[in-house]
Amino acid sequence: YRNYPNPFNPETRINFDLKKEGRVELRIYNNKGQLVRNLLSENRKQGKHSVIWNGKDNNDRSCSSGIYFYELKSRDFKSTQKMLLMK
């Protein structure tokens, strides 16, 4: 799924489904490809899931307005989507 809302301020929700239980990683990158936030890195059960990004980096600092990318990876799936943080 796409994140919602997009554009967003101050937070956005990222929804995803897992066909089977396994490790999931969800990371946020800036437009330079630098890691901004590691939102999720854990085992999750099969089914629907939702994670909220509050627009902050790994040091709990607010990110500036701009384009960000989230990368969602599981054992047999990988997707990268674009999102826009507007302040």
**Prompt:** Would you say Arg23 has more than 12 foreign heavy atoms packed within less than 6.0 Å of its CZ?
**Reply:** yes

**Asked** Got a sec: does the CZ of Arg2 have more than 12 other heavy atoms crowding it under 6.0 Å?
**Response** yes

**Request:** Take Arg37 and Lys56 through the test side-chain contact (heavy atoms from CB on, under 4.5 Å) and record every step on the way to the result.
**Result:** CA-CA 7 Å; Arg37 181 78 184 254; Lys56 294 187 178 183; 3.9 Å; yes

Would you give the length of the straight line joining atom [atom1] of [X] to atom [atom2] of [Y], rounded to the nearest 0.5 angstrom?
| X | Y | atom1 | atom2 | value |
| --- | --- | --- | --- | --- |
| His49 | Leu26 | NE2 | CG | 12.0 Å |
| Ser50 | Lys48 | OG | NZ | 11.0 Å |
| Asn38 | Arg27 | CG | CZ | 5.0 Å |
| Asn54 | Ser62 | CG | OG | 7.5 Å |
| Glu25 | Leu72 | CD | CG | 9.5 Å |

**Request:** List in chain and number order the residues that pass side chain to side chain contact (heavy atoms under 4.5 Å, CB included) with Ser65, two or more places apart in sequence or in another chain; answer none if no residue qualifies.
**Result:** Lys87

Contact check, side chains of [X] and [Y], non-hydrogen atoms, under 4.5 Å:
| X | Y | result |
| --- | --- | --- |
| Glu42 | Val24 | no |
| Gln81 | Ser79 | yes |
| Lys20 | Asp76 | yes |
| Asn6 | Leu84 | yes |

Test your reading of the model: is there a side-chain donor-acceptor pair from [X] to the backbone of [Y], 3.5 Å cut-off?
| X | Y | result |
| --- | --- | --- |
| Gln46 | Lys19 | yes |
| Thr80 | Glu71 | no |
| Asn30 | Gly66 | no |
| Asn9 | Met86 | yes |

In one Ile/Leu/Val/Met/Phe/Trp/Tyr side-chain cluster, 4.5 Å: [X], [Y]:
| X | Y | value |
| --- | --- | --- |
| Ile28 | Phe77 | yes |
| Tyr70 | Phe8 | yes |
| Leu85 | Tyr29 | no |
| Ile67 | Leu35 | no |
| Leu40 | Ile14 | yes |

**Item:** Cys63 to Asp57 - nearest heavy-atom pair and separation
**Value:** SG-N, 3.8 Å

**Asked** If you take all heavy atoms of Lys82 and Asn3, which pair is closest and at what distance?
**Response** O-OD1, 3.9 Å

**Request:** Report yes or no: do Asn15 and Tyr4 form a side-chain donor-acceptor pair below 3.5 Å?
**Result:** no

**Message:** Can a side-chain donor-acceptor contact be found between Arg44 and Ser74 if the only test is distance below 3.5 angstrom?
**Reply:** no

**Asked** Could Glu11 and Arg13 be called an ion pair, given the rule that one side-chain N must be under 4.0 Å from one carboxylate O?
**Response** no

**Message:** Parallel, tilted or perpendicular, judged at 30° and 60°: which one describes the rings of Tyr68 and Trp53?
**Reply:** perpendicular

